[in-house]
Amino acid sequence: MPLVPMRQVLDEAAKGGYGVGAFNVNNLEQIQAIMDAARATKSPVIIQASRGARKYANDIFLYHLMVAAAEIYPEIPVVLHLDHGNSPETCKSAIDMGFTSVMMDGSLMPDGKTPSTFEYNVKTTREVVEMAHAKGVTVEGEIGCLGGIEDGHGAGLDGLSHLTDPAQAEEFVKLTGVDALAIAIGTSHGAYKFTSKPTGETLKMDRLIEIHKRLPKTHLVMHGSSSVPKELQDIINQYGGKLKPTWGVPLEEIQKGIRNGVRKINVDTDSRLAITGAIRKVFMEKPEEFDPRSYLKPARDAMQQVVTARMTAFGQAGHASEYAALSLAEMTKRYASAKN
Ligand code: G3H
Ligand code: 13P
Ligand code: ZN
């Protein structure tokens with residue numbers, strides 16, 4: 001099956017009432033781990049690359065690895081998505097490369113750090129929607145800024161002002177025409193999300209539910225959604241790592257999100273933890289080994305296990321064979337006719 005537009009995968013997920021994991025990749029082994037997990041669970045899947053990943057792997061390597069994945073796993077609908085595009089130019093280069101979906105993260109300025117204004121976000125995201133939809137490519141936007149509530153992220157004194165404002169989210173979707181919307185409800189990227197198991201005070205699921213009520217047809221996206229399981233932390237620490245105690249997003253909260261309009265769930269850190277734990281174990285237990293395959297294979301297997309578990313928990317398992325890929329040309333026509 002050719003690479004599919006993300007809009008199709010999310011529309012199908014909405015019909016079926018399930019979520020789809022969007023897993024970050026930087027190399028061959030991560031792509032193999034995800035595709036093997038998708039085959040084992042019969043799951044449609046979103047594979048995403050950040051700007052850092054594109055720089056690390058080189059766009060051409062990355063794209064051709066994904067074309068190989070589509071060829072080797074023809075029964076799996078697979079999306080190639082740009083994670084956190086920082087400007088229309090970055091999104092354009094991904095579209096030109098063959099990505100079937102892009103995120104324009106206009107919640108931040110192009111430095112990827114400074115919060116932007118609503119007007120800037122609308123303008124840049126709208127520009128990307130025009131450009132991407134003309135080629136059948138899906139667009140994810142973001143409103144509100146990711147970041148924890150405990151650490152008082154954002155400018156506000158209450159630690160909440162960086163979260164998504166539901167009324168603004170509604171306005172944003174109307175003004176931009178995005179296919180999917182990333183919202184900020186207190187999650188953050190990386191391993192250190194919460195200092196104890198999150199509660200309704202630190203992970204604002206009520207905010208998500210309110211946004212879904214206002215935007216029942218919009219596919220919501222949860223970033224920073226690794227669960228950071230204690231077992232994976234323990235393996236790393238058991239084999240010489242130094243992770244501080246930390247909590248991620250519990251799977252049952254993600255499942256609650258899925259019941260309330262979340263269709264795309266971004267996971268990177270859990271894969272990183274699984275890979276690192278497996279490599280540390282080989283290095284400690286078999287210090288005589290120096291063939292990279294001796295540690296890259298267990299690393300790939302460990303990532304496959306975690307991705308398999310997420311695909312099962314998100315409900316995407318078993319849905320791979322329910323639809324045939326739409327081409328980008330077909331999507332272009334659909335966007336054009338929806339406009340008229
Ligand atoms: O956006 C966060 C993802 O985990 C990607 O991280 O920018 O280090 O590749 P990265
Ligand atoms: P995690 O760091 O929780 O895996 O989040 C990844 C993410 O949101 C990528 O955009
Ligand atoms: Zn993210």
Side-chain angles (χ1 to χ4, degrees), residues 6 19-27 30-31 33-34 45-59 61-62 79-87 90-91 94 99 101-108 110-113 115 139-148 151 153 162-164 178 180-194 198 202-203 208 220-229 232-233 236 243 246-251 253-254 257 262-277 302-303 306-307 309-311 313-314:
M6 189 166 80
V20 182
F23 303 98
N24 287 73
V25 297
N26 297 276
N27 62 20
Q30 290 179 305
I31 295 175
I34 296 165
V45 68
I46 300 163
I47 291 189
Q48 55 188 12
S50 67
R51 277 188 300 141
R54 292 174 67 189
K55 201 166 157 205
Y56 172 82
N58 177 305
D59 259 359
F61 269 128
L62 208 51
V79 173
L80 176 57
H81 174 77
L82 168 69
D83 192 23
H84 294 283
N86 65 328
S87 66
T90 304
C91 294
F99 283 57
S101 179
V102 293
M103 174 183 193
M104 174 61 230
D105 183 356
S107 71
L108 301 173
D111 66 6
K113 291 184 200 131
V139 180
E140 172 185 341
E142 174 162 332
I143 184 86
C145 293
L146 286 196
D151 60 13
H153 174 109
H162 62 296
L163 302 186
T164 305
V178 287
L181 182 69
I183 55 168
I185 54 168
T187 67
S188 50
H189 291 135
Y192 300 103
K193 301 180 193 303
F194 306 104
T202 50
L203 179 61
L208 183 149
L220 300 180
V221 183
M222 270 175 82
H223 280 245
S225 289
S226 278
S227 300
V228 197
L232 294 182
Q233 298 178 42
I236 291 180
L243 291 178
T246 178
W247 273 261
V249 184
L251 288 176
E253 299 296 341
I254 297 174
V262 170
R263 298 293 156 231
K264 174 173 182 274
I265 304 107
N266 283 18
V267 174
D268 187 358
T269 296
D270 284 351
S271 306
R272 294 178 178 193
L273 294 172
I275 288 170
T276 300
M303 176 165 165
V306 90
V307 172
R310 296 296 170 271
M311 288 173 163
F314 301 160

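In listed order, ligands and their atoms are each counted from 1.
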Which of the atoms of ligand 2 are close to [X], meaning less than 4.0 Å from one of its heavy atoms?
{"X": "V267", "value": "4 (O)"}
{"X": "N24", "value": "9 (C)"}
{"X": "K193", "value": "1 (P), 2 (O), 3 (O)"}
{"X": "H84", "value": "10 (O)"}
{"X": "H223", "value": "8 (O), 10 (O)"}

Measuring from the heavy atoms of R272, does anything fall under 4.0 Å of ligand 1?
yes
Report yes or no: does a heavy atom of R272 sit under 4.0 Å from some atom of ligand 2?
no
What one should report as the nearest heavy-atom pair of T246 and Y192 is OG1-CA, 3.4 Å
Determine the minimum heavy-atom distance between T187 and F194, stating which atoms define it.
CA-CZ, 4.5 Å
Once you restrict to heavy atoms under 4.0 Å, what part of [X] touches ligand 2? Side chain, backbone, both or neither.
{"X": "S225", "value": "backbone"}
{"X": "V249", "value": "neither"}
{"X": "D83", "value": "side chain"}

Would you check whether [X] has a nitrogen or oxygen atom less than 3.5 angstrom from a nitrogen or oxygen atom of ligand 2?
{"X": "S188", "result": "no"}
{"X": "T269", "result": "yes"}
{"X": "G224", "result": "yes"}
{"X": "G190", "result": "yes"}

What protein heavy atom sits nearest atom 5 (C) of ligand 1, and how far away is it?
D268 OD2, 3.4 Å
Give the residue, atom name and distance (to 0.1 Å) of the protein heavy atom nearest atom 7 (C) of ligand 2.
H189 CD2, 3.3 Å
Quick one: does [X]'s side chain have a donor or acceptor within less than 3.5 Å of a partner on [Y]'s backbone?
{"X": "D270", "Y": "S226", "value": "no"}
{"X": "E140", "Y": "A182", "value": "no"}
{"X": "S107", "Y": "E142", "value": "no"}
{"X": "S227", "Y": "V249", "value": "yes"}
{"X": "S271", "Y": "M303", "value": "no"}
{"X": "S225", "Y": "V267", "value": "no"}
{"X": "S50", "Y": "G52", "value": "yes"}
{"X": "H81", "Y": "A22", "value": "no"}

Report yes if some heavy atom in the side chain of [X] is under 4.5 Å from a heavy atom in the side chain of [Y]; otherwise report no.
{"X": "K193", "Y": "T202", "result": "no"}
{"X": "L82", "Y": "M103", "result": "no"}
{"X": "M222", "Y": "L208", "result": "yes"}
{"X": "D268", "Y": "Q48", "result": "no"}

To check your reading of the site, what angle at the Zn ion (ligand 3) do NE2 of H84 and ND1 of H223 form, to 10°?
90°
Atoms in ligand 1 with a heavy atom of N24 nearer than 4.0 Å
3 (C), 5 (C)
Only heavy atoms of S50, strictly under 4.0 Å: list the atoms of ligand 1 that pass.
5 (C), 7 (O), 9 (O), 10 (P)
Here the N/O/S atom of H189 closest to the Zn ion (ligand 3) would be NE2
Does ligand 1 have a heavy atom under 4.0 Å from the side chain of [X], from its backbone, from both, or from neither?
{"X": "D83", "answer": "side chain"}
{"X": "H84", "answer": "side chain"}
{"X": "T269", "answer": "neither"}

Nearest neighbour of atom 4 (O) of ligand 2 from the list D268, D270, V228, on a heavy-atom basis
D268
